[in-house]
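First up is the structure itself, then whatever we jot down about it.
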Amino acid sequence: MAKLGKTNLDSGWIAARSTEIHLAARSTEIHLAARSTEIHLDGIQLTTTHPPSLSSNSSIWIEAVVPGTYKGYLKSVQITDILHPDGNNLLAVLVHPPDHPGTIPPEGGQGGDHEIGKDVAAQYVEGWDWMMPIRDRNTGIWDEVSISVTGVSTELEGNMFLIEHHQTSNLSIPPGAHIDYTLPKWHSYFTYMLFFYKPNLWWPNGMGKQSLYNVEITVEDKGFGESDSWSQHFGFRKIESSIDNATGGRLFKVNGQPIFIRGGNWILSDGLLRLSKERYETDIQFHTDMNFNMIRCWGGGLAERLEFYHYCDIYGLLVWQEFWITGDCDGRGVPVSNPDGPLDHGLFLICARDTVKLLRNHPSLALWVGGNEQTPPDDINKALKNGLKLHPLFKFPTDTSNSLKSFDDPSKYLDGTRDYIQGSMWDGFANGKGDFTDGPYEIQNPVDFFKDDFYNYGFNPEVGSVGIPVAATIRATMPEAGWKIPLFKKLPDGYIEEVENPIWKYHKYIPYSNPKKGVSDQIELYGIPKDLDDFCEKAQLVNYIQYRALLEGWTSRMWTKYTGVLIWKTQNPWTGLRSQFYDHLHDQTAGFYGCHSAAEPIHVQLNLATYFIEVPASLANIKRIISSVFLCQVLTIPIDHRHKKNHIICFLVPVSSLQVVNTTADELIDVAVEASVWDLDGTCPYYKVTDNISVPAKTTQTTIEMKYPKTKNAKPVYFLLLKLFKWSNKAILSRNFYWLHLLGGNYKLLEPYRKKQVPLKIISDVMIRGSTYKINMTLQNRSKTTNMETVRYRNHVSTTEDLDMGESFSEEKRKTGLLHRVYRNFSKPSNEGSKVVETNGMDSGVAFFLRFCVHSTKKNMKEGEDTRILPVHYSDNYFSMVPGEKMTVTISFKVPPGVTPRVTLLGWNCEEAHSVY
């Protein structure tokens, strides 16, 4: 006897396979998640060619034939009447390519020749400017195949509006009937039988906890016991969006609170669909590690597997979900592609409805969008608008007019709880009219992100840049010919043009220079790289600056010019060399941590443009600022108010200014900002601490000028450390470290700075649970500076009492090796204990651009073998420490069986990697 409920026959990639199943003749469905494959269900054989007959030449296991054609992403098929009565049945799945696989023109192109757009399919498989095409178009099964068994032949379906802890209803269902039933029963006058008292709300990342509840529905056949059951995690939350009057951008609210969107575009985790729960969890956690709050599922990709949305629920990542339309393949490509979208509009709508029903209970799902840079054909768009219309209680603003008793039963809405937008550049995104006003997609001068003319619309759904990974990844994924770095060709106008090798070109490399846009080579600013390691390390410096500046530039104009931004894109579904924060092997670039810094809910930052001071405020605060000069009097700033598009610009002479960003719902009080400048000699020539300040909720506020570049003896290259801290207890709320050069300069003085050896002390505390490691690394920069006492005088946030600043290092000790003292202190069995490592060094200065890396140690290592353990979660990486500073980095990861991990510390001014665990 088969068990009730769903049984997974297989999950993931299946090419063709037969599976033995044992079923009695209950009500049974096969659930298939197929790629763009035409499927005939012929008994329990699925084929894309001709249906099998029952002749003597048929396979012996073919017992029955059910006619019908099945296409699309998701299908459920009734097989009750064809099961063999002895309970022994076999299932085979045969798959063939999509109807329109298309060809790839010699010049490539966005979606190849666009033929794939004629099918209801994932369009990326024909290749894009960031990925080569998939040769077999990913023909096959990309999700689970399962058997569902129930005790009676009926289906219970419905959208639960509110769910009680326990509710029982008696139903009478005629044989063969299909009914919809709502729990609780809908009553007039808008009353309910069920009530939750102050449930914990679900919040996006950075706004609060992700509280989830579980609902379970069980159907019992009276006298025969349980027939079927269903369960789902859900969260209490309300998501609204509208076009903001001040900026023209789409403004999102969650549980009544406005949320400034900082997130990224997502294609899919793996181009060949080698997907797993573990990989999905890492992907989503990486996005929240970057402090992102939204992920956009791009229209040329997938409606993802359910694990994706589950982890978005768990980690608080809002999801923008697009349907399977792109401008390139559906009417706007070059050459012009299918103007009427997919050929089978009915199939598209069936798949869209199934997708909505599959995903609508996930609290992370925030928005439905018709397509990427295109709207669906008129009939599809009209059907989606009507099918996804909002229930009046979820309209913005909430419709409380008329009598609520006249409203429809919420369960009659296909969704009703989140907006549908017809395309990614319409209705509050880009210019809102569908013109190609997203982007740009290449390297920028970091200062440009802060300029008023950089991007002129309120919400940018796509803006991208570079993304070269670390050298170890290139060696691990490419032949030796791919280890050659680009040639730096100097043009007559003085700009550098990078000429990449053919393998990098194949992998869609984006150069770090853009002569046509007046952008100098950002890697060459540090000096021409010598080899692959040097190139990739300097590229990480650029990655960090580029993406931190992008997000800080947007946040600088929070609510006055922008409501959000999504970076194109966060990762690559293959071993690509552009637009990524972590590579296909799951190793992070420095851009990952630039975003991690810039997207903090509470953040202190430097405005790199600094030609005027902005007073960004939420729309609710604009009238208050206009009607009062109190804020300007506090700042003692003479301003000229020029009203344009409902925001305020206050002009000043050029200065370098510091800003405090507060995206939380609470006012920041009793806080101060510390700014210290450090030169390459290890001294601190400039030091400022503000008075006690307060920062209103949801605002970016300018605090003090940073005048060091205007001083008489300013150095060509210098470091700036900003800290926002609580005045009362000196707790750090935000820390931000910059390396800067004077106007018109470069970073080439950092090259000889590599030779500086700064003494460090690293204490590692390790906890092991099974195969999971959690290591707290506490680091101290033990170097002295000539004016340390002056800095300590008002350094409210540096912990100095535990630092051993007095020990000197002789040249004899230095020659004995980089590590001169290692010892352990074991405390208890579940704790590996503390390990202390001290690195030799006689120089004073900043320990610059440090990063941890985790490797495996095992016998019989092959030469050149990639020993990295991936993925690893770091609370911070690619960080720097000024003299006397102390900080802690948390590292967590899992190790394969039989592997012992080794943690190393690398840095710009470290001659070689230090083994610290």
Quiz question: by atom type and distance under 3.5 Å, do the side chains of [X] and [Y] form a donor-acceptor pair?
| X | Y | value |
| --- | --- | --- |
| N205 | H287 | no |
| T664 | N662 | yes |
| Q123 | D330 | yes |
| T555 | R262 | yes |
| Q659 | T700 | no |
| T417 | D415 | yes |
| S364 | D313 | yes |
| Y874 | D876 | no |
| Q571 | Q580 | no |
| Y878 | Q588 | no |
| H596 | D289 | no |
| S465 | E442 | no |
| Q546 | Y512 | no |
| H603 | E552 | yes |
| D419 | S241 | yes |

Kindly say whether the aromatic ring centers of [X] and [Y] come within a distance under 6.0 Å.
| X | Y | answer |
| --- | --- | --- |
| W266 | F292 | no |
| Y420 | W368 | no |
| Y457 | F459 | no |
| F581 | Y547 | yes |
| W574 | W128 | no |
| W320 | F429 | yes |
| W554 | Y562 | yes |

Measuring from [X]:[atom1] to [Y]:[atom2], what's the distance to the nearest 0.5 Å?
| X | Y | atom1 | atom2 | result |
| --- | --- | --- | --- | --- |
| N431 | T437 | CG | OG1 | 3.5 Å |
| K538 | Y526 | NZ | OH | 10.0 Å |
| Y738 | F719 | OH | CZ | 15.0 Å |
| F450 | S556 | CZ | OG | 6.0 Å |
| L318 | M207 | CG | CE | 9.0 Å |
| T589 | N543 | OG1 | CG | 5.0 Å |

Kindly determine whether N381 and T375 satisfy side-chain hydrogen bond (donor to acceptor under 3.5 Å, both in side chains), including the steps that lead there. CA-CA 7 Å; N381 195 31; T375 61; 5.0 Å; no
Verify, without hydrogens or angle tests, whether [X] (side chain) and [Y] (backbone) share a donor-acceptor contact under 3.5 angstrom.
| X | Y | answer |
| --- | --- | --- |
| E667 | A697 | no |
| Y495 | K516 | no |
| H586 | V872 | no |
| Q374 | I325 | no |
| T703 | L658 | yes |
| Q522 | S520 | yes |
| D583 | L585 | yes |
| S513 | P515 | no |
| R250 | D427 | yes |
| N445 | D448 | no |

Apply side-chain hydrogen bond (donor to acceptor under 3.5 Å, both in side chains) to residues D283 and Y582 and explain how you reach the verdict. CA-CA 9 Å; D283 286 324; Y582 58 93; 2.8 Å; yes
Taking the cut-offs as 6.0 angstrom to the six-membered ring centre and 45 degrees off its axis, would you call R578 and Y441 a cation-pi pair? no
Do R851 and Y593 meet the cation-pi criteria used here (NZ or CZ under 6.0 Å from the six-membered ring centre, within 45° of the axis)? no
My understanding is that only one of E307, E304, Q285 makes a side-chain hydrogen bond (donor to acceptor under 3.5 Å, both in side chains) with Y280; could you say which? E304
Taking E462 first and then R296, would you say they form a salt bridge - that is, a charged N and a carboxylate O separated by under 4.0 Å? yes
Carboxylate-amine/guanidinium proximity below 4.0 Å for E373 and R332: no
When the ring planes of Y544 and W739 are compared, do they come out parallel, tilted or perpendicular, using 30° and 60° as the limits? tilted
Should the ring pair W559 and F260 be called parallel, tilted or perpendicular, given that the plane angle runs from 0 to 90° and is split at 30 and 60? perpendicular
Nearest heavy atoms of [X] and [Y], plus distance in Å:
| X | Y | answer |
| --- | --- | --- |
| M558 | T663 | SD-CG2, 3.8 Å |
| P376 | G370 | CG-O, 3.6 Å |
| V470 | Q540 | N-NE2, 3.9 Å |

